[in-house]
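Atoms within each ligand, like the ligands themselves, are counted from 1 in listed order. Note that these values count all heavy atoms, side chains included, but never hydrogens, waters or copies made by symmetry. Keep in mind that this is a model prediction, so the values were computed, not measured.
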Amino acid sequence: KIFIPKSPLKCAKVPEMQTQLEDSAKPIVDPHDIDSKLVQKLANDALVWCPLRGLLVGDRNSERSGTIPGVDMVHAPVALIPMSFPESHWKQACEVAPIFNELVDRVSQDGEFLQQSLSRTRKADPFTSRLLEIHSKMLEINKLEEIRLGLHRSDYMLDEQTKLLLQIELNTISSSFPGLSCLVSELHRSLLQQYREDIASDPNRIPANNAVNQFAEALAKAWNEYGDPRAVIIFVVQAEERNMYDQHWLSASLRERHQVTTIRKTLAEIDALGELQQDGTLVVDGQAVAVIYFRAGYAPSDYHSESEWKARLLMEQSRAVKCPSISYHLAGSKKIQQELAKPNVLERFLENKDDIAKLRKCFAGLWSLDESDIVKDAIERPELYVMKPQREGGGNNIYGEDVRGALLKLQKEGTGSDAAYILMQRIFPKISHSILMREGISHKEETISELGIYGTYLRNKTEVLINQQAGYLMRTKVSSSDEGGVAAGFAVLDSIYLV
Ligand SMILES: N[C@H](CCC(=O)N[C@@H](CS)C(=O)NCCC(=O)O)C(=O)O
Ligand SMILES: [Mg+2]
């Protein structure tokens with residue numbers, strides 16, 4: 001009898017656990033107290049579990065792993081034991097997800113606010129300028145996006161000193177890991193269940209994580225609203241994508257649970273193969289496109305030539321549902337995040353006072369470089385700030401002493417290029433113990449973590465069809481590393497254990 005692994009695509013329910021009698025709010029064991037023999041058993045079982053269940057990434061050491069599926073894969077970097085996280089802050093993060101979804105939609109509809117807020121950034125940052133150019137073209141032709149799909153991830157750190165859950169950023173484009181994050185929650189639940197004799201725990205304190213199916217459901221619903229049964233969903237991808245299995249989980253869920261076909265194309269391929277019909281239908285390689293899901297196009301490095309920009313414009317002009325539209329993309333920029341944190345700005349977009357207060361409560365300090373007293377303080381105490389350009393995809397932020405250098409350099413230049421950056425309060429989460437496993441080797445480390453909450457939002461004209469929290473991603477990295485990022489090789493995929 002061949003063992004057929006239960007696919008997580010079949011509604012990831014929490015397996016029936018016999019209720020242990022112990023106090024379930026008790027924190028889980030300190031991972032550093034686990035003896036090395038047990039660590040080896042945990043590591044070995046995790047190393048077997050990952051390939052069996054598709055918790056995989058392409059191996060960085062191989063040049064084929066980003067282009068040919070099924071070759072040169074390696075287990076995704078993971079923590080062996082879930083990270084304890086306060087239930088109160090978990091609930092808070094889930095509660096604000098639909099409010100942030102609504103905020104993005106409102107901001108996206110205020111073309112003047114987007115253009116105005118980004119007008120100086122436009123002069124200082126060529127990439128943002130190109131995005132704004134496309135946006136203003138859409139404003140000129142009064143392009144309406146009646147069906148609007150948001151697949152967001154709002155990232156938080158829990159500030160140790162103030163115990164405040166503070167938003168790092170709101171990703172409105174290419175929010176990674178809706179596929180792999182569900183699997184990490186299942187891996188941890190499975191390991192805790194298997195080693196319940198050695199590690200006292202209640203696997204039910206790992207929240208169920210169904211991000212992959214909730215993202216797929218929102219994509220499928222948008223496809224349905226578009227209303228052409230022959231149309232496909234296009235995944236805009238990079239030519240080399242080592243995180244392709246995270247994306248394929250979404251395609252598999254769309255195929256298996258919704259019978260929707262997805263095709264993968266790069267921006268250059270869309271420029272070569274795409275055309276607009278009279279009625280605005282986008283046809284790529286002879287197939288009508290209902291939904292365009294961007295898993296590329298968020299970074300200057302995705303635009304190798306004018307060809308990619310032509311593809312972006314062609315898609316924006318089409319009737320297809322963009323995820324994200326150019327407006328959603330801009331609404332998720334760090335400059336907009338900083339503008340929304342100014343007094344009385346949220347009131348322009350939301351009515352409910354409680355909702356506004358809930359969002360404001362998770363805003364860290366955010367400033368433009370016009371605030372001379374802040375810039376002065378950041379030069380004196382750079383370790384308390386992070387300086388951010390308008391970039392996505394990780395690896396672009398400026399930390400510590402480099403903040404002082406960057407600010408002094410901008411002051412000397414005085415060319416207005418300071419508008420390309422924002423300053424943000426540096427958040428100091430509690431340092432925890434964790435066991436990180438990369439390329440088959442596990443290490444006990446001192447770590448800090450970042451909790452991402454996925455949100456799904458779908459609207460057709462005035463009707464909001466979906467607006468919910470949709471699973472989570474926990475990323476854990478060694479506390480000494482400034483930059484995060486799993487793809488960048490610093491963080492591992494983790495899950496949370498509610499305490
Ligand atoms: N390779 C592309 C990567 C896309 C990407 O970098 N997305 C940003 C938000 S814009 C992100 O979610 N970063 C957190 C993931 C990390 O820690 O590495 C993909 O997966 O489609
Ligand atoms: Mg981001």
Side-chain angles (χ1 to χ4, degrees), residues 55-60 65-67 69 76-79 104 127-128 131 150-157 167-184 211-212 215 219 233-251 262 264-267 292-303 323-324 328-334 336-337 388-397 436 438 447-455 470-478 481-495:
L55 183 40
L56 299 168
V57 292
D59 188 333
R60 274 183 306 181
S65 67
T67 46
V78 291
V104 167
F127 177 65
T128 304
L131 297 175
L151 298 179
H152 310 315
R153 195 191 68 241
S154 182
D155 294 338
Y156 302 92
M157 278 185 178
Q167 186 183 53
I168 301 288
E169 66 168 340
L170 177 53
N171 295 288
T172 59
I173 183 167
S174 301
S175 302
S176 292
F177 300 124
L180 301 190
S181 59
C182 310
L183 293 167
V184 186
V212 64
F215 265 39
L219 283 158
I233 294 182
I234 219 171
F235 279 34
V236 181
V237 296
Q238 286 152 348
E240 299 226 344
E241 180 51 84
R242 294 204 164 84
N243 193 32
M244 70 164 83
Y245 303 104
D246 181 54
Q247 300 167 356
H248 284 301
W249 274 110
L250 285 171
S251 298
T262 61
R264 295 168 63 83
K265 290 283 181 251
T266 64
L267 285 166
I292 302 167
Y293 174 50
F294 285 91
R295 290 294 291 257
Y298 52 83
S301 54
D302 288 335
Y303 299 83
C323 179
Y328 266 42
H329 184 169
L330 290 168
S333 71
K334 294 174 176 50
I336 294 300
Q337 179 187 4
K388 299 188 169 185
Q390 307 308 310
R391 291 292 177 271
E392 291 302 330
N396 304 291
N397 295 338
L436 312 184
R438 260 196 213 92
T447 61
I448 55 174
S449 298
E450 182 171 327
L451 175 65
I453 300 290
Y454 293 106
Y472 65 96
L473 163 71
M474 186 68 158
R475 283 178 287 159
T476 294
K477 66 184 178 187
V478 292
S481 95
D482 286 333
E483 199 50 67
V486 175
F490 300 97
V492 303
L493 296 172
D494 201 345
S495 76

Identify which of Met244, Glu450, His329, Arg295 has a heavy atom lying nearest to atom 19 (C) of ligand 1.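 That would be Arg295.
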
Atom 6 (O) of ligand 1: which of Ala487, Gly489, Gly393, Gly332 has the nearest heavy atom?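 Residue with the shortest heavy-atom distance to the ligand atom: Gly393.
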
Any atom of ligand 1 sitting under 4.0 Å from a heavy atom of Gly394?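 Heavy atoms of Gly394 never come under 4.0 Å of ligand 1.
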
Touching ligand 1 at all, Ala491? Heavy atoms, strictly under 4.0 Å?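 Ala491: no contact with ligand 1 (<4.0 Å).
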
Should Arg295 and Arg264 count as side-chain neighbours, where that means a heavy-atom distance under 4.5 Å?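 SC-SC contact between Arg295 and Arg264 ruled out.
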
How far apart are the closest heavy atoms of [X] and [Y], and which atoms are they?
| X | Y | value |
| --- | --- | --- |
| Gln247 | Val237 | OE1-CG1, 3.6 Å |
| Leu493 | Ala76 | CD1-CB, 3.9 Å |
| Arg438 | Pro77 | CG-CB, 3.6 Å |
| Ala296 | Ser174 | N-OG, 3.5 Å |

Would you mind listing which atoms of ligand 1 come within a distance below 4.0 Å of any non-hydrogen atom of [X]?
| X | value |
| --- | --- |
| Ile173 | 9 (C), 10 (S) |
| Asn243 | 19 (C), 20 (O) |
| Glu241 | 1 (N), 2 (C), 19 (C), 21 (O) |
| Glu392 | 10 (S) |
| Asn171 | 9 (C), 10 (S) |

Test of proximity, [X] against ligand 1: N or O pairs below 3.5 Å:
| X | value |
| --- | --- |
| Arg153 | yes |
| Phe177 | no |
| Ser176 | yes |

Mind checking side-chain contact (heavy atoms from CB on, under 4.5 Å) for Ser175 and listing every partner two or more places apart, or none if nothing turns up?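 Counting only residues at least two positions away or on another chain, Ser175 forms a side-chain contact (heavy atoms from CB on, under 4.5 Å) with Arg153, Asn171, Tyr454.
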
Mind checking what makes ring-ring contact (aromatic ring centres under 6.0 Å, His included) contact with Tyr245, not counting sequence neighbours?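 Not a single residue meets the ring-ring contact (aromatic ring centres under 6.0 Å, His included) criterion with Tyr245.
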
Whether Arg242 side chain and Asp59 backbone form a donor-acceptor pair below 3.5 Å: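 The answer is yes, because a donor-acceptor pair under 3.5 Å joins these two groups.
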
Which part of Gln247 is near ligand 1, with near meaning a heavy atom under 4.0 Å away: side chain, backbone, both or neither?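 The answer is the side chain.
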
Candidate pair Asn243 and Leu180, rule side chain to side chain contact (heavy atoms under 4.5 Å, CB included), full reasoning: CA-CA 9 Å; Asn243 193 32; Leu180 301 190; 3.8 Å; yes

